[in-house]
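Data first, discussion second: the structure below is written as structure tokens.
Chain letters run A, B, ... following the sequence lines, proteins first and then strands; every chain starts at 1.
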Number of protein chains: 2
Amino acid sequence: MVMIEPNGHFCSDCAVRATAVCSSLDLAELREFDHLGRRVTFAAGETVFSEEDITTSFYNVLEGVMRLYKLLPDGRRQIVGFALPGDLLGMNIAGRHNFSADAIGAVTVCQFAKTAFGRFVEDRPHLLRRINELAIRELSQAHDHMVLLGRRSAEEKVATFLLNWRERLVSLGGSSDMVPLPMNRQDIADYLGLTIETVSRTFTKLERLGVIEIIQGGISLLDPARAEALAAASRSYFDF
Amino acid sequence: MVMIEPNGHFCSDCAVRATAVCSSLDLAELREFDHLGRRVTFAAGETVFSEEDITTSFYNVLEGVMRLYKLLPDGRRQIVGFALPGDLLGMNIAGRHNFSADAIGAVTVCQFAKTAFGRFVEDRPHLLRRINELAIRELSQAHDHMVLLGRRSAEEKVATFLLNWRERLVSLGGSSDMVPLPMNRQDIADYLGLTIETVSRTFTKLERLGVIEIIQGGISLLDPARAEALAAASRSYFDF
DNA sequence: AAAGGCAGTTGATACAGATCAATTCGGCGG
DNA sequence: CCGCCGAATTGATCTGTATCAACTGCCTTT
């Protein structure tokens, strides 16, 4: 973990300015906000915080991808989400994180001391409303993911994952046919409630079907419509 | 759906006063709040709102149990949660519910028009903070449920469900050995990502093990410690 | 360029839980 | 009290995914 420029950075030219929590702040507030956060960088594989830890900070992801996960005592892991630039981490009840977070590849976050951040939010209901909005959006995504985990087949899971991941990257300015997958197969398996072998086989199957092409560090989405059809729970491609 | 006493009720003697959103309101605010909500009753099996519906109201559960679920186009169902007295429903993004809600047995809710409720919240940050707290608590529960759906065996799922359900009922003043199950086996199956037959077999198994006794409308928890052991992911009962 | 190592793929087999099919139980109307 | 009907249970069998095991390919180190 490396801290850079404790205060030498300005929110006004931050990359995630438009999408993150801070989108609800005006210029005067932003200037104050500058002094609250500090940029911190984590190397690939480093743990940013652990499930049992007492929450002392909020984190705003600026660059990179993180895996958010929970472990069972015997080592089984469920990844509850991947965090991308603009995502806010650290909201919790009872003062403890409810999942762990690792950097996948290098990650830069904007870290806020919980107390200072709390004071800042105190008399800014619009910021609180923005935080609430983010929490509810996440809750909604969590519900969608429950459907996937509880009721979808391996093929549907993988196709859905690829499409959703692509959509998130597109909304951050990514291309729509090349889909980078910075996480490894095990991460994908633990996200989808599958084993690494099943994920691998399903990728291969989708490739054989001409839906995707497996390339270094990701996939190329050859047939998005077909992928949608495989992801959806419709009985067949053309039934209505 | 039956509306009773549009305004003849008082928040100050509401059953869920202490646990619901309204716990953050003072007496003066409560008096104002009286005029915002109206009590509405739903019969067993009635749908309170559907996933596609535009959100026009918030609902505060006063009595009864609701199932919250999402459907796939081909009819597969995932129950994302059960709502009990004190729970707040209707928080959403983009103005649409993100799941459907049915009454299991008779249900009474306190219904608020979204616009009026929104105005009331507007200049009451403490209420907003309370709502945020509830949203984050639900998000945390959602994460726990993802672990269950993605990484736990049928036996662990059922044992975990029974313990968690009991805990919720206890916190509402229920007894701790008799656990009523107002939902049917299909509901439990759709909540746990299992089939009805697997749920039934697992209940029978737990009964054979002497962990529970299956009784009308619920179970009796004979051996809570053993149930905990089955729910947890430890390798064995006594492993170090 | 060879060697080592880890991530990913592929194959063979096992098994938990799904599916299909009766059967039993319990509440309710006549 | 009897017969009906939906919910729950139980049984037999099937199957999707896990598990166990080997192999491949790519990057890294020397």
_In this structure, is the centre-to-centre distance between the rings of Y59(A) and F112(A) below 6.0 Å?_
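So the answer is no for these two rings.
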
Cut-off 3.5 Å, no hydrogens considered: what does the side-chain donor-acceptor table look like for residues 169-178 of chain A, sequence neighbours left out?
| unit_1 | atom_1 | unit_2 | atom_2 | d |
| --- | --- | --- | --- | --- |
| S171(A) | OG | R168(A) | O | 2.8 |
| S175(A) | OG | D177(A) | N | 3.4 |
| S175(A) | OG | D177(A) | OD1 | 3.0 |
| S175(A) | OG | M178(A) | N | 3.2 |

Write down the distance between [atom1] ([X]) and [atom2] ([N]), rounded to a whole number of angstrom.
X: L148(A); N: dT17(D); atom1: CG; atom2: P; result: 12 Å
X: K205(B); N: dT10(D); atom1: NZ; atom2: P; result: 14 Å
X: E155(A); N: dT15(D); atom1: CD; atom2: C1'; result: 15 Å
X: E156(A); N: dG16(D); atom1: CD; atom2: C1'; result: 12 Å

*asked:* Please check if the number of heavy atoms outside Q186(B) that lie under 6.0 Å from its CD is greater than 12.
replied: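 Correct, the count exceeds 12.
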
*asked:* Using a heavy-atom cut-off of 4.0 Å across all strands, would you classify T204(A) as base, sugar-phosphate, or nothing?
replied: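 Counting heavy atoms under 4.0 Å across all strands, the contact made by T204(A) is with sugar-phosphate only.
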
*Answer yes or no: is there a side-chain heavy-atom contact under 4.5 Å between V199(A) and T195(A)?*
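Answer no - side chains too far apart.
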
*Would you say E213(A) and I219(A) make side-chain contact, with heavy atoms under 4.5 Å?*
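No, too far: nothing below the 4.5 Å cut-off.
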
*asked:* Let's see if you get this right: which residues in residues 177-194 of chain A place a heavy atom under 4.0 Å from DNA chain C?
replied: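 Only N184(A), R185(A) qualify.
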
*So, are R201(B) and E155(B) salt-bridged, with charged N and O less than 4.0 Å apart?*
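Salt bridge: no.
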
_Terminal helix-axis angle for the helix from dA1(C)-dT30(D) to dG30(C)-dC1(D), with five pairs defining each axis and rounding to 10 degrees_ =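 Answer for the end axes of this duplex: 40°.
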
*Looking at CD1 of I212(A) and CG of L206(A), how far apart are the two atoms once the value is rounded to the nearest 0.5 Å?*
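Nearest 0.5 Å value for the CD1-CG distance: 5.0 Å.
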
*Upstream residue (5' side of DNA chain C) when A154(B) and F203(A) are each assigned their closest nucleotide*: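 Mapping each residue to its closest nucleotide by heavy atoms, the 5'-most match is F203(A).
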
*asked:* Which residue in the set Q111(A), K114(A), R38(A) passes side chain to side chain donor-acceptor pair (under 3.5 Å) when paired with S57(A)?
replied: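 Exactly one candidate clears the test, Q111(A).
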
*Partner of E51(A) by side chain to side chain donor-acceptor pair (under 3.5 Å), out of H97(A), R96(A), K70(A)*: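 Answer to the side chain to side chain donor-acceptor pair (under 3.5 Å) test with E51(A) among H97(A), R96(A), K70(A): K70(A).
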
*B/S/- contact track for nucleotides 19-27 of chain D, protein heavy atom under 4.0 Å*: BB------S

*Check every nucleotide of DNA chain C for an atom under 4.0 Å from a heavy-atom of chain B, then give the first and the last such nucleotide from 5' to 3'.*
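The footprint of chain B covers dG17(C) to dG27(C).
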
*Quick one: does NZ or CZ of R185(A) land under 6.0 Å from the six-membered ring centre of F203(A), within 45 degrees of the ring axis?*
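Yes, a cation-pi geometry.
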
*Audit row: M146(B), L148(B), side-chain contact (heavy atoms from CB on, under 4.5 Å) steps and yes/no*: CA-CA 5 Å; M146(B) 282 186 207; L148(B) 179 138; over 6 Å; no

*asked:* Going by the rule ring pair (Phe, Tyr, Trp, His ring centres under 6.0 Å), which residues pair with Y191(A) if we only count those two or more places apart in sequence or in a different chain?
replied: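 Y191(A) satisfies ring pair (Phe, Tyr, Trp, His ring centres under 6.0 Å) with F82(A), H145(A), F161(A) once adjacent residues are dropped.
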
_Partner of M66(A) under side chain to side chain contact (heavy atoms under 4.5 Å, CB included), chosen from V48(A), D87(A), L84(A)_ =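 Exactly one pass, corresponding to V48(A).
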
